[in-house]
Number of protein chains: 2
Amino acid sequence: MKRATRQRSAIRAAIAAAGRPLSPLEVLEGARSDVPALGLATVYRNLRLLLDDGEIQGVNLPGDNVRYELAGHDHHHHFQCLACQRVFDIHACPGDLQRLAPPGFVVEGHDLTLYGYCADCRASAVGGQGVRAVGVGACS
Amino acid sequence: MKRATRQRSAIRAAIAAAGRPLSPLEVLEGARSDVPALGLATVYRNLRLLLDDGEIQGVNLPGDNVRYELAGHDHHHHFQCLACQRVFDIHACPGDLQRLAPPGFVVEGHDLTLYGYCADCRASAVGGQGVRAVGVGACS
DNA sequence: ATACTTGCAAAACATTTGCAGTGAG
DNA sequence: CTCACTGCAAATGTTTTGCAAGTAT
């Protein structure tokens, strides 16, 4: 059975407090304010457990490692900053994507990621250097 | 300037011949029929170059490493069948996604993946079991 | 007590980089 | 002749695993 440990709560809390998908390392940093001695391996182990339990869900972005966020949120999408690489939640949706699918195909769900510059990065550094986002199109 | 080397042609040829997205390792295997002494580092270096040149593009599927395929000449998205896992190209686009971004954010590009059932699977198979697709919402 | 958990370190992978030698232009 | 390119090995970076000690139940 799954126990209630300090580290597990800290990890859960860190993800809940973030409000955006966190990488395992970010989870570690966040959770260490509660449990300073927390180990990275423990973070990975717990992320796996929480994933299997459906408490959190993975967010997979091209050119970046998997991030995690609480499951059960409203349906939403993500915006990744090409400069600082941070990922933000977008609580909006293009809607009606069934029309994009070929005839005979049934759309059950979708995944949308926007790329660009967040308010912070757009304000300061203007150039998007060293960016290597995969699969970023240009018809937006 | 970019030179024309045997290994680069072999890599290009391997990707072109596959007809499906290949992982770096698969590219290596395929290209070694032309250049047996080909090294993995060279594959990675060339994938990066070809990516930057827009000759190929990365395909990022949840739970799998990045794969590469020849770049189509047009912007497109992907449809992954929840039953057979195959990935299809979708030559359509929702358009105008800037409106979805928070104020102050600039959208430079986007990535869209639809999940559902392809014409084949919709006809035959029943349920999509054992599917662990990340970030699949339900507002479509 | 029992056995699930943890921290640390080492292992297993994936990808990148340093370097001297090679070859395209 | 030059300098981009290559192969190899070593370096990075990420995620997993082995194991003895710790701890919730």
Side-chain angles (χ1 to χ4, degrees), chain A residues 1-15 21-53 55-69 80 84-87 129-135, chain B residues 1-15 21-53 55-69 132 134:
Chain A
M1 202 37 222
K2 208 173 66 170
R3 292 180 182 172
T5 65
R6 275 179 317 128
Q7 17 289 84
R8 185 130 55 223
S9 318
I11 288 170
R12 222 185 320 246
I15 296 175
L22 298 182
S23 69
L25 228 46
E26 289 174 320
V27 172
L28 177 67
E29 288 174 20
R32 274 201 166 147
S33 55
D34 286 332
V35 185
L38 185 64
L40 182 53
T42 299
V43 171
Y44 275 101
R45 277 188 284 234
N46 276 291
L47 287 177
R48 168 97 55 103
L49 281 177
L50 295 174
L51 241 191
D52 290 346
D53 272 18
E55 283 193 57
I56 61 176
Q57 67 184 156
V59 178
N60 194 286
L61 298 166
D64 219 337
N65 297 319
V66 184
R67 290 155 186 273
Y68 300 88
E69 68 183 352
Q80 180 169 40
C84 67
Q85 308 299 310
R86 281 187 302 173
V87 176
Q129 304 289 24
V131 175
R132 192 182 347 109
V134 225
Chain B
M1 202 34 222
K2 207 173 67 168
R3 293 179 182 173
T5 65
R6 274 178 318 128
Q7 8 306 74
R8 183 130 57 226
S9 318
I11 288 171
R12 220 186 322 246
I15 297 175
L22 297 182
S23 70
L25 229 45
E26 290 174 322
V27 171
L28 177 66
E29 289 173 19
R32 274 200 167 149
S33 55
D34 285 332
V35 184
L38 185 64
L40 182 54
T42 298
V43 171
Y44 276 102
R45 276 187 285 233
N46 276 290
L47 287 177
R48 169 98 61 100
L49 281 178
L50 295 174
L51 242 190
D52 291 345
D53 272 17
E55 283 193 57
I56 61 175
Q57 70 184 149
V59 177
N60 193 287
L61 297 174
D64 222 342
N65 292 321
V66 184
R67 288 158 178 277
Y68 300 87
E69 67 181 354
R132 176 142 57 106
V134 243

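Predicted model only: the values in this text are computed from it and were never measured. To find a chain, count down the sequence lines: A is the first, B the second, and so on, and within it residues start at 1.
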Which residues pass the salt bridge (charged side-chain N to carboxylate O under 4.0 Å, His left out) test with A:E26, sequence neighbours left out?
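A:E26 satisfies salt bridge (charged side-chain N to carboxylate O under 4.0 Å, His left out) with A:R20, A:R67 only.
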Residues that B:R12 engages under salt bridge (charged side-chain N to carboxylate O under 4.0 Å, His left out), provided they are two or more places apart
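Applying salt bridge (charged side-chain N to carboxylate O under 4.0 Å, His left out) to B:R12 gives B:E55.
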Please give, in whole Å, the distance from [N] [atom2] to [X] [atom1]?
X	N	atom1	atom2	answer
B:N60	C:dT15	CG	C1'	15 Å
B:R48	C:dA14	CZ	P	18 Å
A:I11	C:dT5	CD1	C1'	11 Å
B:Y44	D:dA11	OH	P	19 Å

Return a single string for nucleotides 3-9 of chain D, one symbol per nucleotide in 5' to 3' order, where B is base contact, S is sugar-phosphate-only contact and - is none, cutoff 4.0 angstrom on heavy atoms.
BBSSBBB
Closest heavy-atom contact between B:I56 and B:Y68?
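B:I56 and B:Y68 have their closest heavy atoms at CD1-CD2, 3.9 Å.
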Closest non-hydrogen atom pair, B:V66 against B:G58:
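Taking B:V66 first and B:G58 second, the nearest heavy atoms are CG1-CA, 4.1 Å.
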Residues forming a side-chain contact (heavy atoms from CB on, under 4.5 Å) with [X], sequence neighbours excluded:
X	answer
A:D34	A:A10, A:A13
A:R32	A:L28, A:L38
A:R3	A:T5, A:R8

For the helix from C:dA1-D:dT25 to C:dG25-D:dC1, measure the angle between the helix axis at one end and the axis at the other, each built from five pairs, rounding to 10°.
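The helix from C:dA1-D:dT25 to C:dG25-D:dC1 shows an end-to-end axis angle of 30°.
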Are any of the side-chain heavy atoms of A:N46 and A:T42 separated by less than 4.5 Å?
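Yes, at least one pair of side-chain atoms sits under 4.5 Å.
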